[in-house]
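Working notes, structure below.
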Amino acid sequence: MSTTKKLEQWRASGLLDEAAVERILAWERGRRRPLMVWALGGLGALTVAVGIISVVAANWDALGRGVKLGLDLVLLTGLALGVFRARGRWAREILVILYFGLTLASIALVSQVYQLGGDVYAALVLWMVLASPVAAFGCSWLVAALWLVGLNAALGTSLEAISSSLDEPAMFALAIGAYSVQVAALLFAGNAGWLRARRPDFAKTFEIVGWAGLVLLTSIAQQLWYADPDGDLLWSIPVPLLMAGLLAWRAPTFLSEPTRSAVRAVRAAILVSIGASAVALLPHPDIDFLAPLTFIAVWIAFAAACQQVGRIGLLNAATAVIALRVVIAYVELFGSLLETGLAMIGGGLLTIGLAWLWRRLARGFKSDAERTEEVGQ
Amino acid sequence: MSAVWTKRRLAALAALLLPVVGTVGLIVRGELALRGSEWRFKINGHDPRDLLRGHYLTYRIDWAEQPADSECVDCCLCMNRLGDEQHVTRVECYAAESCDAWLRVGEIENLQRYYIPEDAPRQLEAAVMAGRGELVLSFSKRGGMVIKELLVDGRPWREALGWLAGED
C-alpha cells in the first residue's frame, strides 16, 4: 500500500490530524529520489558509450591514427569539463558514468591503434587508477556499484595473472586475503562518518555489498568440509582472522543503535562465521556431515544478529535459507536405511528447533513493539 | 576562504583530468616506440581453422633463434644486428640490456595478433598461411615496443589488399 493511502487511513481513524499528514507528505516528497531518471539516464549513457565505440570500430579504416586519438582526447576533455561544470545532480551522474566508461574505452583504443596486445589485467588496473577519482565525483549507488564492478574485475584478473607465478598455498592465501580485506574495507568505509556525510549512497552501497560479501564468502567456505584440503590453505587463515578481530572490535560503529545485546550479536555473527571458515581451511579429511551443520550454525548466528538489530526481513530470509539447507541436507544424507532414519530424525529435530526459535523471536518482537507503544503513550 | 575554494576547484579539475593525462601518456609511449629501431620477422599462421579470430589476425612469429649458450630462467630474446643480418638468441633478462633490442619471452604472446578491419578479405589470411607475411616491430631504447606494420610480400598489408583481392 502506498504511503498516501496509509496516511489517509490513519487520518480517517483519527490517529493523525490533517496538519501532520501534510507535514509527512511534504517530508516524503523532499526525500523522493528520481530512480527512474537515474536508471534510464544511466542506461542511455552506457548505450551512448557503446555506440561511440561501435562507430569508431566501424570506421576504423576511414580514420587515421591522429584523427582517432585526437577525437578521443577531445571527448575525454569535454567530459572532464562537463563533470566539473555540471550543476544538476542527475546530469552530473550521467556524465560521470560516461567519463568513467570512456576512460576504459580510450585505453583499449590506444592499445588497438599501436597494436599493443598487452594483458587485460594491466588495462583494468590502469583504468581503475585513472578513473577512480572520476567516480568520486558521482553520488549515486549506480556509480558506486559500477566502481565496485571495475575494482573487482581488475582485482580478479590481476590475481589470475599473478597466480601463474605462485605456488598453490601462496595463490590461495593471496586470493582469500585480498577478498577478506575487501569485505572489511567495504564495511569500514560504509560506516565511516566522513563518507556517510559526503556520499550517503556510496556508504550505503559499500555497507550492503560488504555484508553480502561476508555472508557469501563464509557460506562458501563451509563447503570445504566436502573436500580434504591438505596444508595448502593453512597460510590463508591469518588474514581473515585478523579482519574478524578488527570487525568485531569496531562492531558498535556498524549499528545505528548500538545496544549491548545488538553489539554482542553482531560480534558473535562475525566471529562465528569467520571462525568457522578458518576451521574449514585447516587440513582435514572430507567430513560431509559437517558442511550442512557449520553452514546452519553460521546462518543461525546471522539470524540472531538480524533479530537483535531489528531487521525482521533479513531474519525471515535467514530462516528461509536455514530451512532450505535442512531440506538439502535430508537429500544429501539419504543412504542406507539406518543413515536415512538418523538423518530424518536429526533434520526433523532441527526443523522443530528452528520453528520454536523463530516463534520465540517473533514473540520478542511483539513484546518490544508493545513496550514501545506504551512508552509512546 | 576564496583561496581555499580556488585550491579545491583546482584539485578537483586536476583529478578530473587524470584520464586525459594518462591517455596522453600512453600515446606518447606509443609514438616513442614507433620511432625506435625497426626489426622484421617472418610470421606463419598457426591455426588454419581460426586464423582470423574476431577482428584479429593471429599467427606465430618466426624469430629464427640461434641456439643459446646455456639454459635461462628469466628469459629474454636478445636481438643484435650483425651487418644486415638480425641475430636473435635467448639470454637471462639481466644480461639483455647490452643487446641492440630485447624482449621478455612472456611478452611474445602479446605480439601474436594484429588488429585488422572486419571486412578484410580472406586472401589476407591465405597469404599469411602461405608464409608471405612479415611483422615489423619497433623497439625504443627504454624497452617500449610496438607492432609497426604487417607486411605481405614485403609491402604494407593495406597496399597488398589490391593484388590479394584478385587471388583465389
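Note: hydrogens, waters and symmetry copies are ignored here, and every other heavy atom, side chains too, is used. A note on names: the letters A, B, ... follow the listed sequences, proteins ahead of strands, and every chain is numbered from 1.
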- chain B-proximal positions within residues 71-84 of chain A [heavy-atom distance under 4.5 Å]: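 When heavy atoms of chain B are the reference, residues 71-84 of chain A contributes A:Asp72, A:Leu73, A:Leu76, A:Thr77, A:Ala80, A:Leu81, A:Val83, A:Phe84 within the under-4.5 Å range.
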**Asked** Are there more than 12 heavy atoms of other residues, nucleotides or ligands under 6.0 Å from atom CZ of B:Arg81?
**Response**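 Enclosed: over 12 neighbouring heavy atoms sit under 6.0 Å from CZ of B:Arg81.
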Under 6.0 Å from the CZ atom of B:Arg29, do we count more than 12 heavy atoms belonging to anything else shown?
->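 12 or below, so no.
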**Message:** Please output the residues of residues 11-27 of chain B in contact with chain A, using a heavy-atom cutoff of under 4.5 Å, in numerical order.
**Reply:**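 Contacts with chain A: B:Ala12, B:Leu13, B:Ala15, B:Leu16, B:Leu17, B:Leu18, B:Pro19, B:Val20, B:Gly22, B:Thr23, B:Val24, B:Leu26, B:Ile27.
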By number, which residues in residues 31-40 of chain B have some heavy atom less than 4.5 Å away from chain A?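 Under the 4.5 Å heavy-atom cut-off, B:Glu31, B:Leu34 qualify.
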Do any side-chain atoms of residues 61-68 of chain B form donor-acceptor pairs under 3.5 angstrom with protein atoms, and if so which ones, sequence neighbours left out?
residue : atom : partner : partner atom : Å
B:Asp62 : OD1  : B:Ala64 : N            : 3.1
B:Glu65 : OE1  : B:Arg90 : NE           : 3.0
B:Glu65 : OE2  : B:Arg90 : NH2          : 3.0

query: For A:Val96, is it the side chain, the backbone, both, or neither that has a heavy atom closer than 4.5 Å to a heavy atom of chain B?
result: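 Contact with chain B involves no heavy atom of A:Val96 at all.
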